[in-house]
Each structure stands twice: as structure tokens, then as C-alpha cells.
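What follows is a set of notes on a single structure, which appears directly below.
In listed order, ligands and their atoms are each counted from 1.
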Amino acid sequence: MISKKIEKEINEQIKREEDSSRIYLSMASWCETNGYPGAAEFLYEHSDEERMHQLKLLKFLNDRGGHAKALQLDAPESGFKSLHDVFVKVHKHEQYITKCINDLYGMCMNENDYTTANFLQWYVNEQIEEESLTSAILDKFNLAKGEKGGLFHIDKELASMAQMGEGDE
Ligand code: FEO
């Protein structure tokens with residue numbers, strides 16, 4: 001049986017994963033309506049992955065005798081300065097999620113809840129991959145230096161990354 005303290009924090013993380021899903025959905029919609037279909041495809045897929053992250057936590061919490069809740073969320077940002085701005089924000093958001101996961105993992109260790117810590121190890125690994133992926137995407141923008149041809153190329157690359165399922169799980 002999971003402690004009330006850990007249950008509350010997992011519910012907060014469930015909320016953050018759902019929030020991530022909505023943030024990426026909103027970004028995907030901006031990309032789709034601003035001429036970046038590849039980035040849109042990539043972000044729609046990323047949004048689905050976050051929903052999967054949310055569900056995985058939800059099922060774990062319920063299986064452990066807790067009660068997963070759908071908490072209230074704020075509307076995500078819907079306007080962006082540029083495609084670069086979108087991906088700077090994706091990267092920052094993933095860094096924030098990494099910190100939250102690490103804090104949660106640390107709390108489980110302090111509370112001697114090794115079962116939950118063991119479960120969270122998947123998220124710890126996932127965050128390493130997500131940060132490395134978003135950092136590699138930002139490198140592409142640095143190389144392109146905001147040139148139109150470069151952005152067109154990045155958009156195409158994002159489409160093929162989405163099609164190959166890069167960033168999945
Ligand atoms: Fe669920 Fe992108 O972290």
C-alpha cells in the first residue's frame with residue numbers, strides 16, 4: 001500500500017504529464033497553422049506519448065491501492081514567436097519534468113518506498129532520452145541560424161523523426 005504522501009506526489013506527476021500532453025498539443029496546432037507540418041506531426045506524436053506517461057502512472061497508483069485523480073489544469077500557451085521558440089520551450093519543459101521526476105524518486109528513497117522508486121526508474125531513463133532528443137533538435141536550429149531553407153529542412157527532419165517513432169517510450 002502506497003503512503004498518502006507519495007500518492008499525493010504521484011497525482012501531481014499525473015497532472016504534469018497530462019499538462020505536458022496539452023502543451024505539446026497546443027504547440028502542434030500552432031505549427032500546423034503556421035506552415036510547419038513536420039513539426040506538427042512530431043509534436044502531435046509527442047503529445048500522445050505524454051498521455052501514455054500519464055496513464056502508466058495512473059494505473060500504477062491504482063494498482064498500489066492509491067486513487068489516481070484527474071486534477072484541474074490551466075490552458076497551455078497557444079501563440080509562439082517562431083518554430084525555434086516552440087522547441088526552446090519544449091526543451092525547458094522537459095528539463096522541468098526531469099527535475100520533478102528526480103525529486104519524486106528522491107522522496108520515494110527517503111520514505112523507503114523502493115517499489116515506487118523502482119517503477120519510476122523507467123521515467124528517469126525516459127527523461128534522459130527526451131532531454132537528449134530535444135537538445136539535438138536545438139542544435140539543428142543553431143546550425144540553421146534562422147534561415148528559411150534551414151527551417152524547411154528541420155521541419156522535414158521532424159516529420160521523418162515522427163514517422164520513425166523517435167522519441168517514443
Ligand atoms: Fe513525460 Fe516528456 O516527459
Side-chain angles (χ1 to χ4, degrees), residues 2 6-32 36 38-64 66-78 80 83-109 113 115-141 154-155 157-169:
I2 206 152
I6 306 273
E7 177 178 4
K8 183 174 175 295
E9 289 310 311
I10 292 186
N11 266 317
E12 289 299 323
Q13 189 59 32
I14 288 170
K15 174 181 165 176
R16 285 190 281 266
E17 299 290 350
E18 186 178 359
D19 196 33
S20 303
S21 177
R22 285 161 46 90
I23 287 171
Y24 297 151
L25 184 75
S26 177
M27 287 174 168
S29 177
W30 182 88
C31 289
E32 192 162 54
Y36 300 113
E41 195 179 339
F42 178 88
L43 288 162
Y44 280 127
E45 188 176 282
H46 217 77
S47 171
D48 285 347
E49 283 168 33
E50 300 300 351
R51 162 98 174 139
M52 184 273 285
H53 295 175
Q54 177 199 5
L55 275 177
K56 200 174 164 95
L57 277 161
L58 180 148
K59 303 248 183 218
F60 173 80
L61 182 53
N62 287 345
D63 281 350
R64 295 278 300 140
H67 177 196
K69 295 179 187 142
L71 301 173
Q72 175 139 16
L73 292 166
D74 294 330
E77 190 177 358
S78 56
F80 301 92
L83 188 62
H84 183 232
D85 180 39
V86 168
F87 280 90
V88 166
K89 285 174 176 159
V90 170
H91 186 61
K92 280 199 182 134
H93 186 71
E94 288 302 332
Q95 287 176 319
Y96 163 68
I97 295 295
T98 298
K99 186 188 176 311
C100 296
I101 293 286
N102 290 344
D103 287 350
L104 186 52
Y105 186 89
M107 180 190 284
C108 292
M109 294 304 275
D113 183 348
T115 309
T116 305
N118 190 43
F119 167 79
L120 287 174
Q121 190 64 53
W122 183 89
Y123 286 83
V124 172
N125 294 338
E126 173 69 12
Q127 285 313 119
I128 296 170
E129 280 181 30
E130 297 225 340
E131 275 198 45
S132 127
L133 178 68
T134 53
S135 161
I137 293 169
L138 285 185
D139 287 346
K140 292 181 198 297
F141 278 98
I154 290 174
D155 191 59
E157 277 194 73
L158 288 166
S160 59
M161 283 160 96
Q163 279 150 21
M164 286 190 304
E166 242 171 83
D168 280 7
E169 275 199 65

Query - Glu49 near atom 2 (Fe) of ligand 1: N/O/S under 2.8 Å - result: no

Query raised in the report: So Lys56 and Glu17, salt bridge (charged side-chain N to carboxylate O under 4.0 Å, His left out) or not? Walk me through it.
Result: CA-CA 10 Å; Lys56 200 174 164 95; Glu17 299 290 350; over 6 Å; no

Query raised in the report: How is the N/O/S atom of Glu130 that comes nearest to atom 2 (Fe) of ligand 1 named?
Result: OE1

**Report entry** Closest heavy-atom pair and its distance - Asn11, Ala68
**Finding:** OD1-CA, 3.3 Å

Requested in this report: Identify whether the distance between the nearest side-chain nitrogen and carboxylate oxygen of Lys15 and Asp19 falls below 4.0 Å.
Outcome: no

Requested in this report: With atom 2 (Fe) of ligand 1 as the reference point, give the N/O/S atom of Glu50 that is nearest.
Outcome: OE2

Report task. Would you name the N/O/S atom of His53 that lies closest to atom 1 (Fe) of ligand 1? Result -> ND1

**Report entry** 2.8 Å cut-off met by an N, O or S atom of Glu17 to atom 1 (Fe) of ligand 1
**Finding:** yes

Query raised in the report: With a cut-off of 2.8 Å, does any N, O or S atom of Glu126 fall short of it relative to atom 2 (Fe) of ligand 1?
Result: no

Requested in this report: Over 60° means perpendicular and under 30° means parallel, so classify the ring planes of Tyr123 and His53, tilted if in between.
Outcome: perpendicular

Query raised in the report: Taking the inter-plane angle between the rings of Trp30 and Phe80 on a 0 to 90° scale, is it parallel (under 30°), tilted (30 to 60°) or perpendicular (over 60°)?
Result: perpendicular

